[in-house]
Amino acid sequence: MIALACDHGGFQLKEEVKKHLDELGLPYEDFGCHDGEACDYPDMAKLACDAVVDGRCDRALLFCGTGIGISMAANKIKGIRAAACSDWFSAKYTRAHNDANALCLGGRVVGAGLAIELVDIFLNTPFEGGRHSRRVEKLAALENLR
Ligand code: RB5
């Protein structure tokens with residue numbers, strides 16, 4: 001199950017990505033916003049990321065104007081490793097090396113075509129493990145310093 005959330009800056013792109021997930025038959029839960037009305041990306045990030053942390057969802061796809069604000073919010077949530085991406089290399093290696101569990105996309109940065117490619121790469125690239133596991137464990141240890 002994929003968790004989706006956006007603010008108004010990412011609303012249209014989220015809708016485009018939903019169409020793609022529908023075509024693929026991939027299940028998702030959309031935590032809003034549902035109408036493009038102005039809302040605050042930290043609130044929206046929390047709704048979707050809580051679902052990942054508590055196991056209701058496997059990964060989150062998050063959208064705001066830049067992808068950055070919602071990634072900052074998501075990375076404040078314990079257990080979330082979020083990456084704002086606008087190129088395929090980053091989308092691939094944040095999965096392979098960082099075991100990212102949230103992809104953040106900017107509705108004012110990337111078009112729907114690229115966003116869909118990035119989503120596919122993100123969803124289909126496995127974590128490599130090995131030496132990267134130690135580093136991801138150290139990310140979790142940093143969370144405990146807060
Ligand atoms: C909203 O106008 C915009 O600031 C927000 O979507 C996002 O880009 C913040 O990082």
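We use all heavy atoms of the structure for the numbers below, so side chains are in, but hydrogens, waters and symmetry mates are not. As the structure lists them, so they are numbered: ligands from 1, and atoms in each ligand from 1.
Under a 4.0 Å criterion applied to the non-hydrogen atoms of D7, ligand 1 contributes the atoms 1 (C), 5 (C), 6 (O). Each of the following atoms of ligand 1 lies closer than 4.0 Å to a heavy atom of H8: 1 (C), 2 (O). Here is the list of ligand 1 atoms found below 4.0 Å of a heavy atom in R108: 1 (C), 2 (O), 3 (C). Under a 4.0 Å criterion applied to the non-hydrogen atoms of G65, ligand 1 contributes the atoms 5 (C), 6 (O), 7 (C), 8 (O).
Residues G79 and N101 come closest through the heavy atom pair O-ND2, 2.8 Å.
Taking atom 9 (C) of ligand 1 as the reference point, the nearest protein heavy-atom neighbour is Y41 CE2, 3.5 Å.
With a 4.0 Å cut-off on non-hydrogen atoms, T66 touches ligand 1 through its backbone as well as its side chain.
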Review point. Step by step, would you call L103 with C85 a side-chain contact (heavy atoms from CB on, under 4.5 Å)?
Key: CA-CA 7 Å; L103 174 68; C85 296; 3.7 Å; yes

Practice item. Would you check, one step at a time, whether the test side-chain contact (heavy atoms from CB on, under 4.5 Å) holds for K14 with L61? Key: CA-CA 8 Å; K14 185 193 68 178; L61 301 176; over 6 Å; no

Practice item. Before giving the answer on side-chain contact (heavy atoms from CB on, under 4.5 Å), spell out for K18 and Y28 the whole-Å C-alpha distance, their side-chain angles and the decisive distance to 0.1 Å. Key: CA-CA 8 Å; K18 274 167 65 176; Y28 57 81; 3.8 Å; yes

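Between E16 and K19 a salt bridge is recorded (basic side-chain N to carboxylate O distance below 4.0 Å).
At least one N/O-N/O distance between G69 and ligand 1 falls below 3.5 Å.
C57 pairs in a side-chain contact (heavy atoms from CB on, under 4.5 Å) with only one of the listed residues (V52, D50, L4), which is V52.
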